[in-house]
Amino acid sequence: MKNIMTLIAIAIISLCYFSCSSDEEPTDVDSITMEGTLEVTPEVIEMADVVPLTDDVVLESMYESESEQLVDKTPVQIVTVLEGTQRVTIEARFRGIRDFGFGFPLYECELMAEDVEKMGGIAAGMSGSPVGPPGKIMGALAYGDYFSAAPTRFWVTAIDAMESAREHQTFGEELAEHLAAAPSARINTVYAPVKTPLMITGIKPNRLQHIEAYLKGSRFDYIELFADIGRAPTAPGTDRDLLAGDMIGVAVSTGDVVNAIGFGTVTQVYNNNTFVAFGHPFSAYGDGKTTLPVYRAVVNGLVPNLQSTYKSVSAYGDPIGTVTKDLIPGIVGELGEVPDTIPFNIKYQRDKDVIRKKHQVAYGYELYIPIIAAITQDAIRLETSPTTVEVTIELGFKESQKNYTETFLSASEDTFADIFFNTQRIISAFTDTFENKAEKATFTSIDMTIIEKPQIMTATIQEVIAPDKIVRGTTATFTVVLLPHWTAVQDGERKIEKQITLAIPSDYPTGDAWISVFSEDPDDLFFGLDFDFDIDTDFDFGSLPEDLDELIDKLEDEQNEAPGLIKIVLSDEIVFPDDFIFDEPENEITLEGFIVTGSESDLVDITQ
């Protein structure tokens, strides 16, 4: 389940890239008129069926009662950006009204612009683009058809449904009121969402393939991952207000390495500084209340693709507002105020070299933190090779003066997944609403230190050497022989020997007995689980935490024991790592800096 939640985090990040936008504004009392013009690009002017739209044009919302009067093949226009920041209109036509079970109608339309068809047709990133007869917005371009041939069909979310989202009270808002505290549709095969392209910088293309494989068959249908090269190119500055049809970027994270930003189009802007966009959710089914920074964006043209064309888009400048709601008909945003974000600092150390990277993560999207951690480590290393990592995570909270700190050690062929899953396990213990039953945890800081070594710091228990005779009522000393990985051999010593003592009870039965030596179960080490317990405890796992302080204490108490932990047990039978330990004599030592695996046993003679 925890692995699934981690993959869900990856999926949500992916969803961020393709968003919808609107190109024109309503003329009713709830709308505002935008002023100013942008330079028209020559590429747009040369297209016969693509016409530049000046900034003084005001688009009026056209509601369902009027849209129902349209006849088949009525000419309509798509308002979007194909190059730079210049809005344009694209020829299309209305083909009918469809009910796909969303609770609101979708308008079926057909692209009639041959020039745009040659460029690739309907593109990811166009979602949210206003659609309607000239001068009007009947809704937002939201769904298309994969592998489609000209003329391309697409489906439009009614503006009525999108505007109703502005007044919709989310469950997050209701819960916030209840707590008096600060808040924190499945598509069938006939059509698919015009996806929000999520551009992620710093990620290697092969990692995208891994993530796509993880997400196959998941419920995250609204985003698609793309590896981006880096910083945005120079874009024309503008001091005009946001317009329907403009491109925007919605940021899950920004920083030195990983910038995960979903791009789409604004559908309508209103005079109270709110706007609606995308025409479909940002995430799978809509996360309800959310706080995501919004950026202006510039288009660097369409990128043709046999399955689905997408816009090449980059965010630029400072945030201009906040996405406050993520709902089925689209997203709702507010211009002006910029949301707080979570600072996530990563320190990478290899020998004496230290590299520091900083990121900001949107609240509500903490499950992206593991992705940022793994991708950043991947980008800094510049290679994929076997290694050992020691990772320390320190979390600060708004609700507590205590910090939570945990360290884990991992050695593998590729530590990307190790860092990802372990970080996800730690983060979700606080942010997963169902997992954290104590108190809401709002991160104020996240600091991670990654120390890497080229050696594979593993050692396998090879032998246990016991005395010839063991006298009960005394303390016996045993020698544990371990075989380290050949890369971890020091000073030519191929074996490691550790002494461990064991107190033998004076009433222990004489005769044959077994000395068992073993490491922790590797599965326990990976997932932080421990199935060993002492029957004498009467299964007392302690009281449930009632607040964040108690949750921090509980998680610290339950942290994985040292990965180099070696246990020794005296019993009448051989004991294995996953066996229950009753009240047999036992002791433990730790081989520092190593991950110990394996188990060995020896038959001993207990005498008086």
Side-chain angles (χ1 to χ4, degrees), residues 17-24 38-53 75-95 108-132 134 140-156 191-199 223-224 226-229 232-233 235-236 244-249 262-267 278-279 297-315:
Y17 179 70
F18 290 99
S19 302
C20 308
S21 71
S22 62
D23 26 359
E24 304 183 50
L38 289 176
E39 182 180 352
V40 179
T41 60
E43 292 85 348
V44 173
I45 295 176
E46 292 174 359
M47 297 182 187
D49 45 17
V50 176
V51 180
L53 183 68
V76 294
Q77 296 177 335
I78 303 170
V79 181
T80 194
V81 178
L82 296 179
E83 189 76 38
T85 57
Q86 172 66 59
R87 298 182 305 159
V88 298
T89 61
I90 302 173
E91 295 179 3
R93 62 184 182 182
F94 173 80
R95 297 309 308 266
E108 185 170 323
C109 298
E110 192 173 44
L111 183 63
M112 300 302 294
E114 293 185 6
D115 290 334
V116 176
E117 291 280 18
K118 292 177 181 177
M119 297 172 65
I122 300 299
M126 284 186 181
S127 61
S129 298
V131 178
L141 187 158
Y143 302 95
D145 190 8
Y146 288 146
F147 306 106
S148 59
T152 303
R153 292 285 176 113
F154 61 92
W155 292 265
V156 176
Y191 66 104
V194 177
K195 293 190 176 183
T196 299
L198 182 70
M199 292 295 191
I223 60 170
E224 187 167 357
F226 289 86
D228 200 3
I229 296 174
D246 280 343
M247 286 296 300
I248 57 172
F263 293 97
T265 311
V266 177
T267 307
F278 291 13
V298 57
V299 179
N300 312 115
L302 302 188
V303 181
N305 185 287
L306 291 177
Q307 175 175 314
S308 177
T309 300
Y310 65 92
K311 287 184 179 182
S312 176
V313 195
S314 298

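The minimum heavy-atom distance linking A297 with G249 is given by the pair CB-N, 4.1 Å. The heavy-atom pair separating P75 from P134 by the smallest distance is O-CD, 4.3 Å. Nearest heavy atom pair, residue S314 against residue N300, reads OG-OD1, 3.6 Å. Of all heavy-atom pairs spanning A140 and G279, the tightest one is CB-CA, 3.9 Å. Minimum interatomic distance between F94 and V76 (heavy atoms only, all atoms of both residues): N-CG2, 3.9 Å.
Between the D49 side chain and the V116 main chain, no donor and acceptor come within less than 3.5 Å of each other. The main-chain N or O of P304 is never found under 3.5 Å from a side-chain atom of T309 such that the two would form a donor-acceptor pair. Judged purely by atom type and a 3.5 angstrom limit, Q77 has no side-chain atom pairing as donor or acceptor with the backbone of V131.
Considering only heavy atoms from C-beta on, L111 comes within 4.5 Å of I90 through its side chain. I122 places a side-chain heavy atom less than 4.5 Å from the side chain of L141. Two residues are said to be in side-chain contact when any heavy atoms from C-beta on lie closer than 4.5 Å; T89 and L53 meet this criterion. T80 has its side chain within reach of K311: a pair of non-hydrogen atoms, C-beta onward, lies under 4.5 Å apart.
For the pairing with M247, the side chain to side chain contact (heavy atoms under 4.5 Å, CB included) check across L82, V313, T85, V298 returns one residue only, V313.
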field: side chain to side chain contact (heavy atoms under 4.5 Å, CB included) between M126 and L302, worked out
entry: CA-CA 10 Å; M126 284 186 181; L302 302 188; 4.2 Å; yes

task: Go through I78 and F154 one step at a time and tell me if the side chain to side chain contact (heavy atoms under 4.5 Å, CB included) criterion holds.
output: CA-CA 11 Å; I78 303 170; F154 61 92; 3.6 Å; yes

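With respect to the salt-bridge test (charged N to carboxylate O, under 4.0 angstrom), the residues R95 and E110 qualify.
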